Amino acid sequence: QVQLVESGGGLVQPGGSLRLSCAASGSIFVSSTMAWYRQAPGKERELVASINSSRGTSYADSVKGRFTISRDNAKNMVYLQMNSLKPEDTAVYYCNRRFGVASWGQGTQVTVSS
């Protein structure tokens with residue numbers, strides 16, 4: 001059974017920063033491309049960032065230059081450093097494989113508001 005647990009969300013002001021963490025267990029992690037997704041109210045889930053087994057990264061245009069995805073294979077952890085946050089970044093953030101996604105975890109709420 002694959003387990004994905006996201007943490008680190010919260011309420012921040014525009015321009016602020018957050019660091020999200022994802023703990024993955026019960027899966028083949030080292031060889032998998034991992035990703036962060038987000039879903040805002042009334043919108044479809046969208047891909048935010050991904051990182052492959054060689055630590056190559058890819059980002060949605062909306063977050064390029066502001067977000068950084070990283071991974072620690074020894075700990076089965078994926079991180080998302082979010083800087084210069086905007087109100088439109090408000091969403092529930094989820095981690096999962098980029099391909100062949102497992103069941104979704106609870107996600108972690110990120111709210112950017114004054």
Side-chain angles (χ1 to χ4, degrees):
Q1 286 285 329
V2 176
Q3 294 181 346
L4 298 163
V5 181
E6 302 92 346
S7 62
L11 173 64
V12 296
Q13 294 185 339
S17 297
L18 282 173
R19 183 175 185 255
L20 307 184
S21 298
C22 171
S25 63
S27 66
I28 302 299
F29 183 86
V30 175
S31 62
S32 297
T33 297
M34 299 298 295
W36 284 95
Y37 304 81
R38 67 186 181 188
Q39 186 168 27
K43 298 182 64 178
E44 295 294 315
R45 183 182 290 110
E46 65 175 340
L47 177 66
V48 176
S50 65
I51 181 166
N52 65 23
S53 60
S54 299
R55 295 183 179 176
T57 58
S58 183
Y59 299 92
D61 288 341
S62 59
V63 307
K64 284 182 179 176
R66 301 189 297 120
F67 291 10
T68 302
I69 188 172
S70 61
R71 67 193 296 163
D72 184 338
N73 290 340
K75 297 181 178 180
N76 274 14
M77 296 287 292
V78 187
Y79 306 97
L80 186 68
Q81 178 66 47
M82 306 185 296
N83 299 324
S84 302
L85 283 162
K86 304 175 180 179
E88 51 262 45
D89 295 319
T90 296
V92 179
Y93 284 71
Y94 304 87
C95 64
N96 214 315
R97 290 187 175 100
R98 175 63 181 85
F99 308 101
V101 297
S103 59
W104 299 97
Q106 294 183 4
T108 185
Q109 176 72 49
V110 172
T111 303
V112 185
S113 176
S114 298

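Please read all numbers here as calculations on a predicted model, not as lab measurements. Keep in mind that the numbers below use all heavy atoms, side chains included, and drop hydrogens, waters and symmetry copies.
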Asks: With sequence neighbours left out, which residue pairs that include part of residues 42-51 fulfil the side chain to side chain donor-acceptor pair (under 3.5 Å) condition?
Replies: Arg38-Glu46

Asks: To the nearest 0.5 Å, what is the distance between CZ (Phe99) and CG (Asn96)?
Replies: 12.0 Å

Asks: Could you measure the distance from the OG atom of Ser58 to the CZ atom of Arg98? Nearest 0.5 Å is fine.
Replies: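 One finds 8.0 Å between OG of Ser58 and CZ of Arg98.
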
Asks: Arg66 vs Asp89, test: side-chain contact (heavy atoms from CB on, under 4.5 Å). Steps then yes/no.
Replies: CA-CA 11 Å; Arg66 301 189 297 120; Asp89 295 319; 2.8 Å; yes

Asks: How close do Ala24 and Leu4 get, counting heavy atoms only, and between which atoms?
Replies: CB-CD2, 3.7 Å

Asks: Rest of the hydrophobic cluster containing Leu11 (Ile/Leu/Val/Met/Phe/Trp/Tyr, side-chain heavy atoms under 4.5 Å)?
Replies: none

Asks: Could you walk me through whether Tyr93 and Met82 pass the side-chain contact (heavy atoms from CB on, under 4.5 Å) test, one step at a time?
Replies: CA-CA 11 Å; Tyr93 284 71; Met82 306 185 296; 3.9 Å; yes

Asks: Return all side-chain donor-acceptor pairs below 3.5 angstrom for residues 105-114, not counting sequence neighbours, or 'none' if the list is empty.
Replies:
| unit_1 | atom_1 | unit_2 | atom_2 | d |
| --- | --- | --- | --- | --- |
| Thr108 | OG1 | Gly9 | N | 3.0 |
| Gln109 | NE2 | Ala91 | O | 3.4 |
| Gln109 | NE2 | Thr111 | OG1 | 3.3 |

Asks: Calculate, to the nearest 0.5 Å, the distance between atoms CG and OG1 belonging to Asn52 and Thr33 respectively.
Replies: 5.0 Å

Asks: Could you walk me through whether Cys22 and Tyr79 pass the side-chain contact (heavy atoms from CB on, under 4.5 Å) test, one step at a time?
Replies: CA-CA 6 Å; Cys22 171; Tyr79 306 97; over 6 Å; no

Asks: Measuring from Arg97:CZ to Cys95:SG, what's the distance to the nearest 0.5 Å?
Replies: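 The distance works out to 11.0 Å.
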
Asks: Please list all pairs passing the salt bridge (charged side-chain N to carboxylate O under 4.0 Å, His left out) test where one or both residues lie in residues 68-81, with sequence neighbours left out.
Replies: none

Asks: Please list all pairs passing the side chain to side chain donor-acceptor pair (under 3.5 Å) test where one or both residues lie in residues 5-23, with sequence neighbours left out.
Replies: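 As it turns out, the side chain to side chain donor-acceptor pair (under 3.5 Å) pairs with a partner in residues 5-23, which skip direct neighbours, are Ser17-Asn83.
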
Asks: Of the non-hydrogen atoms in Tyr59 and Ile69, which two are nearest, and what is the gap between them?
Replies: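 Of all heavy-atom pairs spanning Tyr59 and Ile69, the closest is OH-N, 2.9 Å.
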
Asks: Could you list the cluster mates of Trp104? Members are the ILVMFWY residues connected by side-chain heavy atoms closer than 4.5 Å, either directly or through other members.
Replies: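 ILVMFWY cluster around Trp104 also holds Tyr37, Leu47, Val92, Tyr94, Val101.
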
Asks: Could you give me the CA-CA distance, side-chain angles and deciding distance for Leu85 and Phe67, then say whether side-chain contact (heavy atoms from CB on, under 4.5 Å) is met?
Replies: CA-CA 9 Å; Leu85 283 162; Phe67 291 10; 3.9 Å; yes

